Amino acid sequence: QVELVESGGDSVEAGGSLRLSCEVRGYYSGCLGWFRQGPRNEREGVATIGDGRTTYAPFAKGRFNISQDNSKDTLYLQMSSLKPEDTAIYYCAAAMRRCSYGVILASEFDSWGQGTQVTVSS
């Protein structure tokens with residue numbers, strides 16, 4: 001079982017930046033990802049990383065960057081040019097399988113963090 005602990009959520013103004021972190025405790029062999037759930041939305045994929053490849057949701061391309069440290073025990077999401085519609089609880093997740101390339105499917109992830117709140121004001 002993998003334990004995931006997110007941090008870094010905050011309230012920022014539109015156009016600002018934030019970096020989210022996720023501490024990964026335990027063994028996983030596949031994919032790591034970020035998801036989010038807004039106040040009126042279902043949970044949606046943001047980005048995944050694994051096998052040296054990344055996949056981004058269309059809204060995240062060019063604004064968000066997913067990365068992990070060399071030891072692979074911390075996952076990051078660097079977010080810039082934030083918009084009010086980016087307001088959501090952001091979750092990190094781990095999968096025992098390899099990332100699906102080009103798509104982000106919550107059903108493929110086995111372990112989830114508790115989430116960290118990001119609020120973007122206009």
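As the structure is a computational prediction, the values presented were derived from the model and not from experiment. For reference, positions follow the sequence shown, starting with 1.
Distance CD/E13 to OG/S122: 9.0 Å, rounded to 0.5 Å. From T55, atom OG1 reaches atom CD1 of I104 across 6.0 Å, with rounding to the nearest 0.5 Å. K61 contributes atom NZ, which lies 9.5 Å from atom OG1 of T54 (distance to the nearest 0.5 angstrom). Remark: I49 CD1 to C99 SG distance equals 8.0 Å, nearest 0.5 Å.
Among all heavy-atom pairs drawn from C22 and L4, the shortest one is SG-CB, 3.9 Å. Nearest approach of G115 to I89, heavy atoms of both residues: CA-CG2, 3.8 Å. The two residues C92 and L75 have their closest heavy-atom pair at CB-CD2, 4.1 Å. A57 and G45 get closest at one heavy-atom pair: CB-O, 3.4 Å. Between L32 and I66, the shortest heavy-atom contact is O-CD1, 4.2 Å. Considering every non-hydrogen atom in both P84 and S121, the closest pair reads CG-C, 4.5 Å.
Contact annotation: the side chain of S17 approaches that of Q78 to within less than 4.5 Å [non-hydrogen atoms, C-beta and beyond]. By the 4.5 Å heavy-atom criterion applied to side chains, T87 and V118 are not counted as neighbours. Side-chain contact between Q117 and Y90: absent, with no pair of heavy atoms (C-beta onward) separated by less than 4.5 Å. Contact check for F64 versus S80: no side-chain heavy atoms found under the 4.5 Å cut-off. Contact of the T116 side chain with the L20 side chain is registered, since non-hydrogen atoms from C-beta on lie closer than 4.5 Å. E85 places none of its side-chain heavy atoms less than 4.5 Å from the side chain of F59. Considering only heavy atoms from C-beta on, E6 comes within 4.5 Å of Q114 through its side chain.
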Walk me through whether R19 and L77 qualify under side-chain contact (heavy atoms from CB on, under 4.5 Å). CA-CA 6 Å; R19 188 176 80 160; L77 184 68; over 6 Å; no
Show your reasoning for whether side-chain contact (heavy atoms from CB on, under 4.5 Å) applies to T119 and V12. CA-CA 6 Å; T119 302; V12 297; over 6 Å; no
side-chain hydrogen bond (donor to acceptor under 3.5 Å, both in side chains) assessment of E108 paired with S100: CA-CA 9 Å; E108 294 183 347; S100 293; 2.7 Å; yes
Could you give me the CA-CA distance, side-chain angles and deciding distance for V24 and V2, then say whether side-chain contact (heavy atoms from CB on, under 4.5 Å) is met? CA-CA 7 Å; V24 182; V2 177; 3.8 Å; yes
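Side-chain atoms of T48 do not come within 3.5 Å of backbone N or O of G33 as any donor-acceptor pair.
The pair R63-D86 meets the salt-bridge criterion, since a charged nitrogen lies less than 4.0 angstrom from a carboxylate oxygen. Checked for salt-bridge contact, D73 and R25 miss the test: no charged N lies under 4.0 Å from a carboxylate O.
A donor atom on one side chain and an acceptor atom on the other are not found under 3.5 Å apart for Y76 and N65.
At a threshold of 4.5 Å between side-chain heavy atoms, the hydrophobic network of Ile, Leu, Val, Met, Phe, Trp and Tyr places M96 and V103 in two separate groups.
Proximity of the aromatic rings of W112 and F35 is defined here by a centroid distance below 6.0 angstrom, and this criterion is met.
Heavy atoms from other residues, nucleotides or ligands lying under 6.0 Å from OH of Y101 number 12 at most.
A cation-pi contact, defined as under 6.0 Å to the ring centre and within 45° of the axis, is absent between R36 and Y91.
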